[in-house]
Structures are given as C-alpha cells and as structure tokens.
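Heads up, the thing below is written out as structure tokens.
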There are 2 protein chains.
Amino acid sequence: MQKDKLLTTIVDDHPIVIEGLKMLLQHEANIQVVGGFCSGAEILSYLRNNKVDLILLDITLPDINGMDLCQLIKSEWVSTTILILSNHTERSIILQSIQNGASGYLLKNSSIQELRQCIAEAIQGNIVYSRAVMEIISRPSKNQLQERPQLTRREKQVLALVAEGKTSQTIGQELFLSPLTIDTHRKNLIQKFNVKNMAELIMAASQQNLL
Amino acid sequence: MQKDKLLTTIVDDHPIVIEGLKMLLQHEANIQVVGGFCSGAEILSYLRNNKVDLILLDITLPDINGMDLCQLIKSEWVSTTILILSNHTERSIILQSIQNGASGYLLKNSSIQELRQCIAEAIQGNIVYSRAVMEIISRPSKNQLQERPQLTRREKQVLALVAEGKTSQTIGQELFLSPLTIDTHRKNLIQKFNVKNMAELIMAASQQNLL
DNA sequence: TAAAAAATACCTAAATATCAGGAGAAATAA
DNA sequence: TTATTTCTCCTGATATTTAGGTATTTTTTA
C-alpha cells in the first residue's frame, strides 16, 4: 500500500456494481479501493471515521438520493472528490448533481475504457462527463428542456394527493387545512410547472418522476 | 478447466455489471464464465458457434428486450438455462419472463449471497426468485392489480390531449367535434379507469405507460 | 345482413377548479 | 436579528368538469 494512492470508495445500491467497480479499479496504479456501501447512511458513517479521496456515487439509493447525498458530503468534506455513476439520463439530474458539487457524471452503460479514462480525469481535478452524458447536456430533448421545479414540502404533499384524484375539500380535511389553502398550493404548483391545469401538472410531474 | 463446469455467460448492457458478475462467479467451483455481451445480437452470434449452459440475462438491452430474447434463445437452444437478472420490478415483466422460458428472476440489488444461492439453485434445474421478486409476485401492488383498460382510438386521442392540459372546448376544436362529445369521452375514460377525475386518470394512465 | 360497439351530440344541475388579487403568521436562512 | 421563504386564509368572479341521463349515426364484427 503506497502513501500516495487515492483512497476510493463506491456507493451503489447494487452489490454487483460495487464488485464490478472494485475489480476494475484494483488494477489502477494510483487507486486504492477502501470500501463499498449500499446506502447513504453507511457511507456517511464511514466518512466520519475514515479519510476518503474519491467517491463513486450512484443516484438511486435506498435512503437518500445521490444528488442530495452529494451536497451533504461536499458540505462537510470539501476535499473529497465525488463522481456520479448512474443510469439516469435526465438532464436536470445531471446538472443538479454538478451544481451540488460532483466532479463529473458517468452513465453505467459506459464502456470500461471510458470509465477508466473519466476516473483518471476526475482525479486530476477536472469535471468529466461520459460521451452519452455530453450529448444529453448539449442537445436536451423536449421533456428534458423544462427544468425540474423546486417544490416545498407542502406542495409535494398536495401534489401527491391531487394525483390520487382528491378534491381541495378532501385534501384540506386530510391535512387539517382550509380548502382555500389547498387552492393556493394548486395555484402555485400550476405556476411552478407552467401548466394549465391539474391534468397537465400530473403529466409533467410524473414525467419528472416526482410522483 | 474441468469438463463438468457449467459454461456460463452474461448479457447486460452495463459493462460494469458484467465485470462484477464475472468476479463473483470466477470463484464458484462449478462455473466457468465464457464471456460477457452487451447486446442481443452479440450473444446470439456467440451461441451459434459455442455451447453455453447458463445465461444471466438482463431485461434492458440496446437492441431487443430480455423477455423476447429469452424466448428466442429457448426456442433454438432448449437445454440452455436462462436466469433473468434485472432492475425491473413489474409483475408483468417477471411473469412474462418465466412464461418465455426463464428459470428464474433476480433483482440486481440482491445481495451477493442471494445471487450465489439463486444461481446455484437454478443450475439444479429449479425455478428461483430473489426475495424481493417473491414479494412482488405474491402481493401485487395496487396499480399492478388493476387491468389495463381497453381504450378506443378516440379515447386515446382525447386522453393524450387532456394530458396536455387542454379543455373540452379546445379539444373539440382540434378534433372538429362538439365539446359535449369530448365530455362524453372524458366520462367514459373515468369509468374505464375507475378514477374520480382527470388528475387521477392521468396518473393511472401514465403508470400504465399509456401516455 | 343483423347485432354490437364506438362515436357523436345534447340537457340540466351541481360540484370543482381556475384566475387575480391581497395579507398575516410561521418557519428558515443569512 | 433581519430578511426571505413558506404556509396560511381570504374575497369574488369565471371557467370547467362531473354526474345523471337520452339518443342518433357510424363503424365493426359475428
């Protein structure tokens, strides 16, 4: 074990992927894999007691999403490099990840060569994207053009209940609020999503996996 | 290389997963991994010239879906055992896979122990499911229980326009129909889907990939 | 060709949602 | 602590959908 090897860890809810990455990285000269974790809680707990230089991070995790976890980690361990390795091709997710401090975004179906290259690049301090990701960023498709609106806790709650076909009356009763308040939230949701009514809202929200 | 080792191959659009599985399986006494392929075309071409006993098959592939590929392979190479290894949790996909000749269905987020056990079982000739899959099969969730309603051409048309947030007025103009006719279609859609309003309808329809 | 299904159109009334404002209280962040 | 956001509730007007129906025409299917 050399001193100057980068301590690297993998966070992914698929044990197979962790194994695969370990295998790939174990032959890299300047990388030392120090663990693999299946959840946000595990990696956070590990970080509190161990130094880590590079994290390969999935978006889909059982307890927290990778974007939020990325922000969380970067806020406490600034010098740790995070590279997102995910299946998600949504432009919004990619951009949000970078915004939250990730040093790059790779798709899991990248070739092995591509992965190696990108990891090597990220270590140098560059922001890297796999080729497929580059294309997504440069030519956003129709439904990816619209950004994912930032919803408040209440709005998410109301959105979910509207999607169940409930009226403002019913929702108000359920949340112990005036139906007028629910109407206000509806109004705000319509504005944030830039849609005309609840039907289009549910459509937009479900396309962006907010339901 | 022993004679009685099972010749095993992996088909998955993620190179990392292939590597991970290879790593896991290389220590198994009675398994010999003979290749990994990223597409349906590749494995089919390989099968024409090589004997394979066990295939670990993903559902998502670039050129063909795993269910169809499974059927294709089983129709020509009956003695080859196929084990589906996928992320898809839809009951319909699981059942269709088994119907098409797969010897089991595992989720990719299974633990490594579970994978080993299931593979070992499948080799014995049993049909195996990972624990999570068992649960999906035995207790189908709400939206998987309800049958997919049979829609007429007009109803699909109206549904799509409603999902765009259009009113009966607008839709009527667009289709050169009376808005009252559109209302009738709305009514029928609500009945067929057994929902309370358009919001819930769009939700149900989008969950069933009808949009 | 006859029967069934689909598509069309209408009516009345009630229920709900949408639009355009404002405005105070509570929680959060700087 | 101050500023900002979020949450709450309101008025009043308008638009739209929903829930009962009924009924004719067109298209499909047996």
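Predicted, not measured: the structure shown is a model, and the values here were computed from it.
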If you look at every strand shown and take non-hydrogen atoms under 4.0 Å, does A:Thr181 touch a base, only sugar-phosphate, or nothing?
-> base

Of the listed D:dT6, C:dA9, C:dT18, the closest approach to the A:Thr152 side chain comes from D:dT6

Could you tell me the separation between the CZ atom of A:Phe176 and the C1' atom of D:dT8, rounded to a whole number of Å?
-> 16 Å

Locate the shortest heavy-atom distance separating A:Lys196 from A:Ile190; write the atom from each residue and the value.
-> O-CD1, 4.0 Å

Grab the CG-C1' distance between A:Asn188 and D:dT6 for me, whole Å please.
-> 10 Å

Within the side chain of A:Asn197, is there an N or O that forms a donor-acceptor pair under 3.5 Å with the backbone of A:Ala199?
-> yes

Got B:Ile55 and B:Leu83 here, is their nearest side-chain heavy-atom distance under 4.5 Å?
-> no

To the nearest Å, how far apart are A:His185 NE2 and C:dA17 P?
-> 15 Å

Starting at CG of B:Leu189 and ending at P of D:dT17, how long is that distance when rounded to a whole Å?
-> 13 Å

Atom CZ of A:Arg186 and atom P of D:dT17: how far apart are they, to the nearest Å?
-> 13 Å

Give a yes or no on whether a donor-acceptor pair under 3.5 Å exists between the nucleobase atoms of D:dC9, that is its base, and the side chain of A:Thr184.
-> yes

Which of these nucleotides, C:dT18, C:dA9, D:dC7, is closest to any side-chain atom of A:Arg153?
-> D:dC7

Which listed nucleotide (D:dT18, C:dG21, C:dT18) is nearest to the side chain of A:Lys187?
-> C:dG21

Using a heavy-atom cut-off of under 4.0 Å over every strand shown, decide if A:Asn197 touches base, sugar-phosphate, or nothing.
-> sugar-phosphate

For A:Ile190 and D:dA15, what is the distance between atoms CD1 and P respectively, to the nearest whole Å?
-> 16 Å

Could you work out which one of C:dA20, D:dC7, C:dC10 sits closest to the side chain of A:Arg154?
-> D:dC7

Gap between atoms NZ and C1', on B:Lys196 and D:dT18 respectively (whole Å) = 13 Å

Choose from D:dT18, D:dC10, C:dT18 the nucleotide whose nearest atom is closest to any side-chain atom of A:Leu180.
-> D:dC10

A:Thr167, nearest nucleotide to its side chain (from C:dA17, D:dG21, C:dG21) = C:dA17

A:Leu106 side chain near A:Leu56 side chain, heavy-atom distance below 4.5 Å = no

To the nearest Å, give me how far apart CD (A:Gln169) and C1' (D:dT18) are.
-> 15 Å

Over all atoms of both residues, closest heavy-atom pair of A:Lys22 and A:Ile10 = N-CD1, 3.9 Å

